[in-house]
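Here's the structure we're looking at; comments come further down.
All of these numbers come straight from a predicted model, not from anything done at the bench. Letters go in sequence order (proteins before strands), and every chain restarts at 1. No hydrogens, no waters, no symmetry mates; every other heavy atom, side chains included, goes into these values.
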Number of protein chains: 2
Amino acid sequence: MSHSVYGRLMSVDRTQVLRAAAALLSRRATATMDEVARAAGIGRATLHRQFAGRDALVRALEELGIQELEAAHDRARTGEGPADEAVRRLVAEVEPVAPLLSFLVTENQLFEGDQQNEGWARLDARVSDLFRRGQEEGTFRIDLTPAWLTEALYGLIGSGAWAVQDGRVAAKDFQYMIVELLLGGARRSVEK
Amino acid sequence: MSHSVYGRLMSVDRTQVLRAAAALLSRRATATMDEVARAAGIGRATLHRQFAGRDALVRALEELGIQELEAAHDRARTGEGPADEAVRRLVAEVEPVAPLLSFLVTENQLFEGDQQNEGWARLDARVSDLFRRGQEEGTFRIDLTPAWLTEALYGLIGSGAWAVQDGRVAAKDFQYMIVELLLGGARRSVEK
DNA sequence: ACCGAATGAGACATCAATGTCTCACCTGAT
DNA sequence: ATCAGGTGAGACATTGATGTCTCATTCGGT
């Protein structure tokens with residue numbers, strides 16, 4: 001009688017299901033609940049037992065994504081050292097989450113209005129702060145707002161993820177392409 | 001008996017309907033056929049008479065978007081003058097089509113596989129050629145592939161369109177933010 | 001070996017959007 | 001004034017996904 005307190009005996013791992021769902025939905029955002037279940041190797045009924053519905057699943061994925069992105073921030077120590085190097089570390093840490101991030105951003109665009117997760121605000125603030133810090137340190141230009149740089153970073157990560165998925169860019173170049181464009185731009189520079 | 005050859009007497013303007021659909025779907029990609037019809041000020045039946053179904057409507061929007069983007073290219077004369085200035089002109093000309101472009105790109109990502117319009121390949125080639133030309137002229141760095149720069153341009157335009165729509169970036173800064181980041185990057189440069 | 005809990009499979013109702021059709025009405029051309 | 005063609009509104013069937021439920025089976029702990 002020591003079991004069933006927090007759901008022992010569960011043979012399906014909630015996190016594992018979420019990861020499978022993330023992998024599938026990142027490729028095909030319109031995938032069915034049934035497809036998600038099969039991708040996770042479980043029955044549709046079980047999937048429904050764990051997540052009240054599609055909305056709940058997506059919200060759980062949002063939680064997962066936000067969690068992993070914040071972990072990426074922590075690992076990248078975005079508050080330390082030169083801002084441009086911090087950006088470099090951040091992109092490197094975020095890369096594994098890029099497809100999921102791309103999915104969630106698109107999902108957020110589709111369903112406007114109905115209050116977005118506060119976690120996004122926290123993340124936006126962290127990224128934004130990073131760029132602002134870079135501006136104050138004189139590393140980043142001040143004519144591009146931190147808000148826009150944050151948007152641009154998300155956009156480039158999304159574009160990069162899709163480009164890699166479609167084979168238009170080699171996976172090994174993901175970080176380089178994004179960071180170099182974001183930091184250095186396309187124009188050939190005198191320095192460097 | 002001079003009428004009804006190509007559909008004279010039509011009181012609904014197909015192009016006008018398409019523009020209304022573009023405006024609505026750019027904001028809410030999941031909008032219903034009924035909503036599209038109302039947004040265009042016509043009945044759902046009429047909408048269906050002009051476009052066999054939702055797919056047909058989206059494909060027509062694709063045609064419209066591609067057409068306008070090619071027109072933008074032409075007006076921007078992307079083949080003339082320094083490549084970086086050509087990019088600047090291109091973004092300026094593309095701005096009005098940005099929301100539609102963003103919608104179509106997302107739509108293309110969702111429905112993978114079923115052969116995409118050849119027009120995209122033509123457009124990709126034109127943008128890609130522009131960046132390649134810039135590289136050959138020594139204006140653009142050669143370590144970022146034209147394919148990636150093309151992706152990045154689309155991504156930044158999409159991000160910009162959404163940021164403007166959500167009020168995170170002022171509409172008047174759209175061009176500047178995109179072009180400056182794309183060409184110059186975020187890092188403060190010695191020159192300029 | 002037993003037993004409770006969780007699962008998978010499938011049946012089922014529901015719901016929203018789509019696509020088709022009919023019909024009354026309006027409009028523009030003659 | 002007449003008439004053909006186009007339209008709007010609504011009824012209707014269809015489809016696909018969702019969510020709920022039941023039940024036999026399986027798995028893990030004892």
Side-chain angles (χ1 to χ4, degrees), chain A residues 1-22 24-62 103 106-107 109-114, chain B residues 1-22 24-62 103 106-107 109-114:
Chain A
M1 197 159 285
S2 61
H3 49 277
S4 83
V5 176
Y6 272 94
R8 233 71 70 74
L9 288 187
M10 269 201 322
S11 66
V12 296
D13 179 6
R14 184 186 152 100
T15 299
Q16 199 172 340
V17 172
L18 275 179
R19 296 205 174 279
L24 175 59
L25 290 174
S26 297
R27 277 182 291 119
R28 292 200 311 121
T30 59
T32 280
M33 287 293 275
D34 191 83
E35 294 175 295
V36 171
R38 292 187 185 284
I42 66 177
R44 197 165 67 96
T46 304
L47 179 60
H48 250 288
R49 285 184 192 108
Q50 299 226 353
F51 304 99
R54 192 174 223 282
D55 288 352
L57 174 62
V58 172
R59 260 178 279 137
L61 281 175
E62 216 171 14
F103 164 74
T106 301
E107 199 75 6
Q109 287 175 347
L110 294 185
F111 302 102
E112 56 169 277
D114 46 338
Chain B
M1 197 162 287
S2 61
H3 49 277
S4 83
V5 177
Y6 273 94
R8 232 73 69 76
L9 286 187
M10 268 200 322
S11 65
V12 296
D13 179 6
R14 185 185 152 100
T15 299
Q16 199 173 340
V17 172
L18 276 179
R19 297 205 175 280
L24 175 58
L25 290 174
S26 296
R27 277 181 291 119
R28 292 200 309 121
T30 59
T32 279
M33 287 294 274
D34 191 83
E35 294 175 295
V36 171
R38 291 185 186 285
I42 64 177
R44 197 166 66 97
T46 304
L47 180 60
H48 255 290
R49 285 184 192 109
Q50 299 225 355
F51 305 99
R54 191 172 223 281
D55 287 352
L57 175 61
V58 172
R59 260 178 279 137
L61 280 175
E62 216 171 15
F103 164 73
T106 302
E107 199 75 5
Q109 288 175 347
L110 296 184
F111 302 102
E112 57 169 277
D114 46 340

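Using modelled atom types, one side-chain atom of A:S26 and one backbone atom of A:A22 make a donor-acceptor pair closer than 3.5 Å.
Looking at heavy atoms from C-beta onward, B:R14 lies in side-chain contact with B:F51 at the 4.5 angstrom threshold. Looking only at side-chain heavy atoms (C-beta outward), B:E35 and B:L24 come within less than 4.5 Å of each other. Side-chain contact between B:E62 and B:V58: absent, with no pair of heavy atoms (C-beta onward) separated by less than 4.5 Å. Two residues are said to be in side-chain contact when any heavy atoms from C-beta on lie closer than 4.5 Å; A:M33 and A:L57 meet this criterion.
Which of C:dG19, C:dT22, C:dG8 sits closest to the side chain of B:R49 comes down to C:dT22. Of the candidates D:dG8, D:dT18, C:dG8, the closest approach to any side-chain atom of A:H48 belongs to D:dT18. Picking from D:dG19, C:dT18, C:dC21 the nucleotide with the shortest atom distance to the side chain of B:A45 gives C:dC21.
The 5' end of DNA chain D is approached more closely, in terms of each residue's nearest nucleotide, by B:R38 than by the other of B:R38 and A:M33.
One atom, CD1 of B:I42, and another, C1' of C:dT27, lie 17 Å apart when rounded to the nearest Å. Between B:D34 atom CG and D:dC12 atom P there is a gap of 18 Å when expressed in whole angstrom units. Across the protein-nucleic acid pair, A:L47 atom CG and C:dA6 atom P stand 17 Å apart, rounded to whole Å. Atom CZ in B:R54 sits roughly 10 Å away from atom P in C:dA17 (whole-Å rounding). For B:Q50 and D:dT7, the CD to P distance is 6 Å, given to the nearest whole Å. Per the geometry, CG belonging to B:D55 stands 10 Å off P belonging to C:dT18, to the nearest Å. Going from atom CD of A:E35 over to atom P of D:dA17 covers 7 Å, rounded to whole Å.
Residue A:T32 places at least one side-chain N or O closer than 4.0 Å to OP1 or OP2 of D:dA17.
In this structure, B:R59 has no side-chain hydrogen bond (donor to acceptor under 3.5 Å, both in side chains) partners at least two apart in sequence or on a different chain.
Considering all non-hydrogen atoms of both residues, B:D34 and B:R44 come closest at OD1-CD, 3.5 Å.
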Please list, for nucleotides 11-15 of chain C, all pairs of protein and nucleotide N/O atoms separated by less than 3.5 Å.
none

